Amino acid sequence: MRGRFYFSPFRCIFAPVKVFFVKTIGPKMSDNYQKTSEEQNQRQFRDRPQKGIDISVVIPLYNEEQSLMPLSLSLRDVLDRMNVTYEVIFVDDGSTDNSLKLLREIHRKNRRYKFISFRKNYGKSAALSVGFQHAVGRVIVTMDADLQDDPNEIPRLVEKLEAGYDLVNGWKKKRHDPITKTIPSKLFNFTTSAMTGIKLRDFNSGLKAYRREVVQDIKVFGEMHRFLPVLAHWAGYKVAEIPVVHHPRKYGKTKFGVSRFLHGFLDLVTILFTTRYSKRPLHFFGVIGLLTFLFGFAIDLELAIEWMIGKTSISNRPLFTVGVLLIIVGVQFVSIGLLGEMITRTNTAEEYVIKEKVFN
Ligand code: UDP
Ligand code: MG
């Protein structure tokens, strides 16, 4: 009867899955933190032209209480020496220690040190994204809060940027991290470089300098902070890399476990698909599908020839089933690609990054 409660086994299975999705994965995907009215207001605030700030330093942090004071002091030394106007934006990614208290104190002493604090931990990409939205400098420098990145490298990064680049990446040439991190990281950098065609040695470095347009044009979502240079490169920006000094972690512990590498590789696939192939899905699925199909077809053709010349019967050869399976899977991949093409045809909004516009 309609409207009355009835027992459904499907409900029992899917209801918890739905709750899990809505509560945990959903908010991350929809980036809800950006959509609050407060954020919208801040966005408008940023869009107002603010002349005069040369450098905005954006620093994401999560439970880094011991590092914040020493970091702000050394930053002040370096930035004062550079003789520029600057602001430092700390983005507290839902810290549960005393970080927020310290940020309030740092701001009280020096108004050029600003902060934004999330109610909960959203991840480094979210922190960077919100930091970028609020930064008003001509140049935006990002660095980690854990004292592993050295503020003394900022002048060199900015100098390289001024030499005609849009993004300068800090390459941790001599890295002070445990081997469990450095070796998988080398593999990650090699694969990312090979798959994306951009020659960088350290994609995941926290220390980077950007021209303002770059961070305005590129959206950071999910855990995509690792791929900012890739996105910038694909959007047509000039990316350079210089070696920078790196220190061992002095206080606290790393916020990313072994899962970072798994996530990193999955994100690489996502970024390849959503950025490179989102407008031509058949090229992605079609190639895999055709190769699988041809492989299966070749196997079965060979078996058929053997059967025709009377050598063996096909039915008792396990390879026959493998061939059939590959053919079916191949056809399915191509079909998925075609469905993808249909979807992209109905969603034709293209996004192009414009460098300059003279329109009068
Ligand atoms: N971080 C953050 N949110 C997180 C995890 C990390 O803002 O959910 C910050 C962290 O406080 C640090 C930077 O991102 O300033 C890099 O993190 P970490 O030093 O743990 O990474 P690693 O150096 O091990 O790659
Ligand atoms: Mg670190």
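Any value given below was found using the heavy atoms of this structure, including those in side chains, with hydrogens, waters and symmetry copies removed. This one's a predicted model, so the numbers in the text were calculated from it and none came from an experiment.
- Ion pairing between a basic and an acidic side chain is recognised when a charged N comes within 4.0 Å of a carboxylate O; Arg317 and Glu306 show such pairing.
- The side-chain heavy atoms of Leu200 and Ser193, taken from C-beta on, include no pair separated by under 4.5 Å.
- Here the NZ-CG distance, from Lys208 to Leu167, works out to 7.0 Å after rounding to the nearest 0.5 Å.
- Every residue was checked against the ring-ring contact (aromatic ring centres under 6.0 Å, His included) condition with Phe320, not counting sequence neighbours, and none meets it.
- Partners of Leu187 under the side chain to side chain contact (heavy atoms under 4.5 Å, CB included) rule, at least two apart in sequence or in another chain, are Thr191, Phe265.
- Under the 4.5 Å side-chain heavy-atom criterion for Ile, Leu, Val, Met, Phe, Trp and Tyr, Val78 and Leu73 are members of distinct hydrophobic clusters.
- Atom CD1 of Ile271 and atom CG of Leu231 lie 4.0 Å apart (nearest 0.5 Å).
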- [ ] Walk me through it: do Leu268 and Thr196 pass the test side chain to side chain contact (heavy atoms under 4.5 Å, CB included)?
- [x] CA-CA 9 Å; Leu268 176 62; Thr196 58; 4.1 Å; yes
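- Annotation for Phe256: atom CZ counts as buried by contact number, over 12 foreign heavy atoms lying within 6.0 Å.
- Between Gln216 and Phe132, every side-chain heavy-atom pair lies at or beyond the 4.5 Å cut-off.
- The number of heavy-atom neighbours closer than 6.0 Å to NZ of Lys160, taken from other residues, nucleotides and ligands shown, is 12 or below.
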TODO: Take Met342 and Thr346 through the side chain to side chain contact (heavy atoms under 4.5 Å, CB included) test and state the conclusion after the steps.
DONE: CA-CA 7 Å; Met342 284 183 188; Thr346 53; over 6 Å; no
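- Hydrophobic clustering of Ile, Leu, Val, Met, Phe, Trp and Tyr side chains at less than 4.5 Å, counting indirect connections, unites Leu228 with Ile140.
- Salt bridge status for Lys173 with Glu241: absent, with no side-chain N to carboxylate O gap under 4.0 Å.
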Task: Working for side-chain hydrogen bond (donor to acceptor under 3.5 Å, both in side chains), residues Ser95 and Asp92 - done: CA-CA 6 Å; Ser95 297; Asp92 165 28; 2.6 Å; yes
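- Lys219 places none of its side-chain heavy atoms less than 4.5 Å from the side chain of Ser129.
- Counting only N and O atoms by type, the side chains of Ser99 and Glu65 include no donor and acceptor under 3.5 Å apart.
- Between the CD1 atom of Ile154 and the CG atom of Leu207 there is a distance of 7.0 Å, given to the nearest 0.5 Å.
- With hydrogens and angles left out, the side-chain atoms of Thr85 and Asp54 include a donor and acceptor closer than 3.5 Å.
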Open item on the list: Pair Phe90, Phe115 - check ring pair (Phe, Tyr, Trp, His ring centres under 6.0 Å), show working.
Closed with: CA-CA 5 Å; Phe90 288 104; Phe115 65 88; 8.4 Å; no
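- Using a 4.5 Å cut-off on side-chain heavy atoms (C-beta onward), Tyr86 and Val57 make no contact.
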- [ ] For Lys109 and Glu105, run salt bridge (charged side-chain N to carboxylate O under 4.0 Å, His left out): C-alpha distance rounded to whole Å, both residues' side-chain angles, the deciding distance at 0.1 Å, then the answer.
- [x] CA-CA 6 Å; Lys109 287 187 190 148; Glu105 198 180 320; 3.6 Å; yes
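- Glu159 has no carboxylate O lying under 4.0 Å from a charged side-chain N of Arg156, or vice versa, which leaves the two without a salt bridge.
- Judged by a 6.0 Å distance limit and a 45° cone about the ring axis, Arg211 is not positioned over the six-membered ring of Tyr237.
- To the nearest 0.5 Å, the span separating CG on Asn83 from CG on Asp80 amounts to 9.0 Å.
- The side-chain contact (heavy atoms from CB on, under 4.5 Å) test with Leu157 is passed by exactly one of Val139, Ile242, Asn169: Ile242.
- The closest side-chain heavy-atom distance from Ser185 to Arg175 is below 4.5 Å.
- Counting only heavy atoms from C-beta outward, the side chains of Asp177 and His246 approach each other to under 4.5 Å.
- Each of Leu71, Asp144, Ile89 was scored for a side-chain contact (heavy atoms from CB on, under 4.5 Å) with Ile59, with one residue passing: Leu71.
- The shortest side-chain heavy-atom distance between Phe203 and Arg226 does not fall under the 4.5 Å cut-off.
- Asp93 and Lys124 are not joined by a salt bridge, as no carboxylate oxygen comes within less than 4.0 angstrom of a charged side-chain nitrogen.
- Between atom CD1 of residue Ile198 and atom NE2 of residue His233 there is a gap of 5.0 Å, rounded to the nearest 0.5 Å.
- For the salt bridge (Lys or Arg N to Asp or Glu O under 4.0 Å) condition, no pair includes a residue of residues 325-335, sequence neighbours left out.
- Atom CD1 of Ile179 is surrounded by 12 or fewer heavy atoms from other residues, nucleotides or ligands within 6.0 Å.
- Val141 and Val84 fall within a single hydrophobic cluster, where Ile, Leu, Val, Met, Phe, Trp and Tyr side chains are chained together by heavy-atom contacts under 4.5 Å.
- In this structure, the ring-ring contact (aromatic ring centres under 6.0 Å, His included) partners of Phe227, at least two apart in sequence or on a different chain, are Phe188.
- Considering only residues two or more places apart in sequence or on other chains, Phe295 meets the ring-ring contact (aromatic ring centres under 6.0 Å, His included) condition with none of them.
- Relative orientation of the Phe118 and Tyr122 rings is perpendicular, given thresholds of 30° and 60° on the angle between their planes.
- Going from atom CD1 of Ile299 over to atom CD1 of Ile327 covers 8.5 Å, rounded to the nearest 0.5 Å.
- Heavy atoms from other residues, nucleotides or ligands lying under 6.0 Å from CH2 of Trp234 number more than 12.
- The 12-atom threshold is not exceeded at CZ of Phe333, counting heavy atoms of other residues, nucleotides or ligands nearer than 6.0 Å.
- Linking Ile, Leu, Val, Met, Phe, Trp and Tyr whenever their side-chain heavy atoms come within less than 4.5 Å puts Val88 and Leu161 in one cluster.
- A single hydrophobic cluster is not seen to contain both Val58 and Leu100; linkage of ILVMFWY side chains at heavy-atom distances under 4.5 Å, directly or through other members, places them apart.
- Counted within 6.0 Å of CE on Met82, heavy atoms from surrounding residues, nucleotides or ligands total more than 12; the atom is thus considered enclosed.
- The hydrophobic cluster of Val245 has no other members, since no ILVMFWY side-chain heavy atom comes under 4.5 Å of it.
- For the pair Lys255 and Glu64, the salt-bridge criterion is met [side-chain N within less than 4.0 Å of a carboxylate O].
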